[in-house]
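As structure tokens, the structure follows; a few thoughts come after it.
Residue numbers begin at 1 in each chain, while the letters A, B, ... track the order of the sequences. Just so it is clear, the structure is predicted and the values come from calculations on it, not from any experiment.
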2 protein chains.
Amino acid sequence: MNDSNPALDLVLQSALLWSTMVKKADQQLSVHGISFSEFCILHRLFQAPQQRMSRIELANSVGLSASGITRLLQPMEKIHLVEKEQNARDARVSLVKLSDTGLQIYQEANQSCAFFASQFTSPLTARQLETLAELLARL
Amino acid sequence: MNDSNPALDLVLQSALLWSTMVKKADQQLSVHGISFSEFCILHRLFQAPQQRMSRIELANSVGLSASGITRLLQPMEKIHLVEKEQNARDARVSLVKLSDTGLQIYQEANQSCAFFASQFTSPLTARQLETLAELLARL
DNA sequence: AGCATATACTTGCAAGCTCAAGCATTAATC
DNA sequence: GATTAATGCTTGAGCTTGCAAGTATATGCT
């Protein structure tokens, strides 16, 4: 009757884990006035060469749709966390660039988020953390 | 400059991974007319003693808020996947019970979801899957 | 050059979820 | 026994996101 299925169990287990994790991260980041999604954006931009990316690249890198990016970026532009730039070669793409204030907010938020992350993963040893990351990277 | 932080990387990596995973699972389940959230509900009910739970328990077990459960369950009651029952001891709680048709849909959907899950985890060996589940269980 | 197709967005609409507030019921305290 | 607090749930308002459709630009084919 109860044909336990490890793969299915894993999927359900992690879905629950992930949803609670994001909620907690959101809470931690709220003091900086940004959401977890916004932090992901800033993080990707920070990592990008010249801290600038196309919106589509950005969408893929954080797992959102193109329209999701458009709407998420609108308020971020308004408060000048990011800037809109045009691509000289291709007039379709509009680049997103991390602004100075965006960089500052990112660095502050990064502290909070890093603290949260280390707290969240504290039940694991460094070695286990590494193993976990490795296994997840295969999926 | 690039002070790489394993814990933070893990959090960001898994956020992306799970969001794409849930989207794919939703797609797989759409042929049964239910969402991933709804499948989680059915799954928990199926596992529950007498296939019946209070709404708050259900909310916690799938990582939703109480109001989320209320709204998610409304259409499910309408198409008779679940039934509402009263608790004799406590008039506040209303129990949710898996119906016969709900059970049937669950079993069909379970096949799809199990297939998806095994496909999703196919890059991992059974041993690695076990390790992964074990590590996630600690978080 | 001209037309079809693909790409990079943006926008209208709808779904799914949360938070805050409210209601009903139960438990706890005096 | 009455009052206060806690619990279980529902509802209104609002946020975030996705999908489908639309626009603008680029690319490829002939």
(request) Whole angstrom is fine here: how far is it from CD1 in B:Ile69 over to C1' in C:dG16? (result) 12 Å
(request) Rounded off to whole Å, could you give me the CZ-to-C1' distance for the B:Phe36 and C:dA15 pair? (result) 17 Å
(message) Check the phosphate of D:dT10 against B:Lys84, side-chain N and O only, distance under 4.0 Å to OP1 or OP2. Yes or no?
(response) yes
(request) Round to a whole Å and report the spacing from CZ of B:Arg55 to C1' of D:dT7. (result) 15 Å
(request) For B:Ser35, answer base if it contacts any base atom (sugar-phosphate contacts may also be present), sugar-phosphate if it contacts only those atoms, and nothing otherwise; contact means non-hydrogen atoms under 4.0 Å. (result) nothing
(message) By the 4.0 Å heavy-atom rule, please label A:Ser37 as base, sugar-phosphate, or nothing.
(response) sugar-phosphate
(request) Round to a whole Å and report the spacing from CD of A:Glu85 to C1' of C:dC9. (result) 17 Å
(request) With the side chain of B:Ile56 defined as its heavy atoms from C-beta on, choose the nearest nucleotide among D:dT11, D:dG8, C:dC9. (result) D:dG8
List, one per line, each side-chain donor-acceptor pair under 3.5 Å for residues 70-78 of chain B, sequence neighbours excluded.
residue: B:Thr70; atom: OG1; partner: B:Ala66; partner atom: O; Å: 3.3
residue: B:Glu77; atom: OE2; partner: B:Arg55; partner atom: NH2; Å: 3.2

(request) Quick one: list whatever passes ring-ring contact (aromatic ring centres under 6.0 Å, His included) with B:Phe36, sequence neighbours left out. (result) none
(request) Sort and list the pairs that fulfil side chain to side chain donor-acceptor pair (under 3.5 Å) and have at least one residue in residues 7-30 of chain B, not counting sequence neighbours. (result) none
(message) Give me each pair satisfying side chain to side chain donor-acceptor pair (under 3.5 Å) with a member in residues 56-65 of chain B, each pair once, sequence neighbours excluded.
(response) B:Ser65-B:Ser67
(message) Nearest to the side chain of A:Gln74, heavy atoms from C-beta on, is which of C:dT10, D:dT11, C:dT11?
(response) C:dT11
(message) Counting only side-chain nitrogens and oxygens, does A:Ser54 get under 4.0 Å of the OP1 or OP2 atom of C:dC9?
(response) yes
(message) Given 3.5 Å as the limit, does a donor-acceptor pair link the side chain of A:Ser94 with the main chain of A:Gln86, or not?
(response) no
(message) Strictly by side chain to side chain donor-acceptor pair (under 3.5 Å), give each pair with a member in residues 112-122 of chain B just once, sequence neighbours left out.
(response) B:His32-B:Ser112
(request) Whole angstrom is fine here: how far is it from CZ in B:Phe39 over to C1' in C:dG16? (result) 19 Å
For nucleotides 19-26 of chain D, tabulate all protein N/O to nucleotide N/O atom pairs closer than 3.5 Å, reporting atom names and distance.
residue: D:dC19; atom: N4; partner: A:Ser67; partner atom: OG; Å: 2.9
residue: D:dA26; atom: OP1; partner: A:Ala91; partner atom: N; Å: 2.9

(request) Calculate the interatomic distance between A:Leu72 atom CG and C:dT11 atom C1'; express it in whole Å. (result) 16 Å
(message) Using a 4.0 Å heavy-atom cut-off, does A:Leu64 contact any base of the nucleic acid, only the sugar-phosphate backbone, or nothing at all?
(response) sugar-phosphate
(message) With a 3.5 Å distance limit and no angle check, can you tell me whether A:Ser54 reaches the backbone of A:Val93 through a side-chain donor-acceptor pair?
(response) no
(request) Please state how far atom CD1 in B:Ile34 lies from atom P in C:dG16, giving the value in whole angstrom units. (result) 12 Å
(request) Could you state the atom-to-atom distance from CG of B:Asn60 to C1' of D:dC9 in whole Å? (result) 13 Å
